[in-house]
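Worksheet: one structure, shown below.
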Amino acid sequence: MERARVAATCAATWIDRSFGVKKFITAIRFPIFFLAIAIALVIAAHRNEAKTAAQKETRPTQLAPAPNSPIGTWTTDYKRAQEEAKASHKLLLLDFTGSDWCGFCIQLDKAILQQPQFRDYASKNLVLMEVDFPRSKAQSAETQKQNMELARRYQIEGFPTLVVLNGEGKTVWRYDGLYQGGIAAFLAELDKARKS
């Protein structure tokens with residue numbers, strides 16, 4: 001037993017004398033510790049930047065307006081939107097989107113839905129409803145259920161998809177994918193649907 005202990009001690013001493021392992025480990029222990037902390041801080045900063053960028057890309061109209069807010073803003077309540085469209089003789093625009101992850105949805109939002117020309121047209125002629133399927137944004141179970149039912153009813157296969165309904169709930173126009181004709185052509189399509 002004693003011999004094994006001596007051998008282990010001698011071997012450790014021999015390794016330490018030959019290679020300076022103890023000195024080497026002692027010398028690099030603190031730099032490795034600080035390097036690990038620096039890497040952790042860089043990763044945390046990168047995650048924070050990504051989260052901030054995602055929040056900036058989220059459009060401000062995603063949340064359902066209060067029950068008494070004016071139509072002309074985006075709503076997430078289908079029954080309310082349908083009633084308003086019928087009462088005001090406006091079209092109901094359903095925007096099926098993945099607002100926090102779908103790149104084409106974000107492009108459509110910036111290129112058309114946030115443009116002043118669209119907002120002016122919508123305030124006079126449309127009731128706007130966002131039918132959202134987010135990945136990281138919280139949604140009530142009721143809204144999720146409603147959105148799934150609407151996706152089944154209108155046979156949504158991808159995002160973005162725009163569906164325009166008349167006051168009776170009949171589809172008068174539909175566009176699947178990113179609309180690339182520009183804002184003027186988009187408004188002309190909506191006007192044609194409104195007049196038909």
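Contact of the Asn166 side chain with the Leu91 side chain is registered, since non-hydrogen atoms from C-beta on lie closer than 4.5 Å. Residues Cys105 and Ser99 form no side-chain contact, since every pair of their non-hydrogen atoms from C-beta on lies 4.5 Å or further apart. The shortest distance between side-chain heavy atoms of Met129 and Asp95 does not fall below 4.5 Å. Residues Val163 and Ile156 are in side-chain contact: their nearest non-hydrogen atoms beyond the backbone lie under 4.5 Å apart. Contact annotation: the side chain of Leu190 approaches that of Val164 to within less than 4.5 Å [non-hydrogen atoms, C-beta and beyond]. Side-chain atoms of Phe118 and Leu128, non-hydrogen and from C-beta on, do get closer than 4.5 Å to each other. Residues Thr161 and Tyr175 are not in side-chain contact: their nearest non-hydrogen atoms beyond the backbone lie 4.5 Å or more apart.
Judged purely by atom type and a 3.5 angstrom limit, Thr143 has no side-chain atom pairing as donor or acceptor with the backbone of Gln139. No donor-acceptor pair closer than 3.5 Å links the side chain of Lys86 to the backbone N or O of Ala81. Without hydrogens or angle criteria, Gln115 side chain to Lys110 main chain gives a donor-acceptor distance under 3.5 Å.
Taking the six-membered ring where tryptophan is involved, the planes of Trp173 and Phe186 are perpendicular, since the angle between them exceeds 60° and thus also 30°.
Between Leu165 and the choices Val127, Val172, Leu94, the side-chain contact (heavy atoms from CB on, under 4.5 Å) rule is met once, by Leu94.
Residue pairs meeting the salt bridge (charged side-chain N to carboxylate O under 4.0 Å, His left out) criterion with at least one partner in residues 169-192, sequence neighbours excluded, are Arg174-Asp176, Asp191-Arg194, Asp191-Lys195. The salt bridge (charged side-chain N to carboxylate O under 4.0 Å, His left out) pairs that include a residue from residues 138-154 number zero, where partners must be two or more places apart or lie in different chains.
Ile43 is linked by a side-chain contact (heavy atoms from CB on, under 4.5 Å) to Ile39, Arg47, counting only residues two or more places apart in sequence or in another chain. Partners of Tyr154 according to the side-chain hydrogen bond (donor to acceptor under 3.5 Å, both in side chains) rule, which considers only residues two or more places apart in sequence or in another chain, are Tyr78. Residues satisfying the side-chain hydrogen bond (donor to acceptor under 3.5 Å, both in side chains) criterion with Gln146, sequence neighbours excluded, are absent altogether. Among residues two or more places apart in sequence or in another chain, the side-chain hydrogen bond (donor to acceptor under 3.5 Å, both in side chains) test is passed with Thr171 by none.
Here the CG-CD distance, from Asp77 to Glu84, works out to 11.5 Å after rounding to the nearest 0.5 Å. Separating the CG atom in Leu178 from the CD1 atom in Ile112 is a distance of 7.5 Å, to the nearest 0.5 Å. Of the inter-residue distances, the one linking Leu108 atom CG with Gln114 atom CD reads 10.0 Å to the nearest 0.5 angstrom. The distance from the CD atom of Glu130 to the OG1 atom of Thr73 is 11.5 Å, given to the nearest 0.5 Å.
Lys90 approaches Lys124 most closely through the heavy-atom pair CE-O, 3.6 Å. For the residue pair Phe133 and Asn147, the shortest heavy atom distance occurs at CZ-O, 3.2 Å.
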For this session: Would you please test Tyr121 and Ile183 for side-chain contact (heavy atoms from CB on, under 4.5 Å) and show each step?
Result: CA-CA 11 Å; Tyr121 182 88; Ile183 186 75; over 6 Å; no
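Residues Asp100 and Ser136 bring a donor and an acceptor atom of their side chains to less than 3.5 Å of each other.
Between Phe159 and Phe104, the distance separating the two ring centers is not shorter than 6.0 angstrom.
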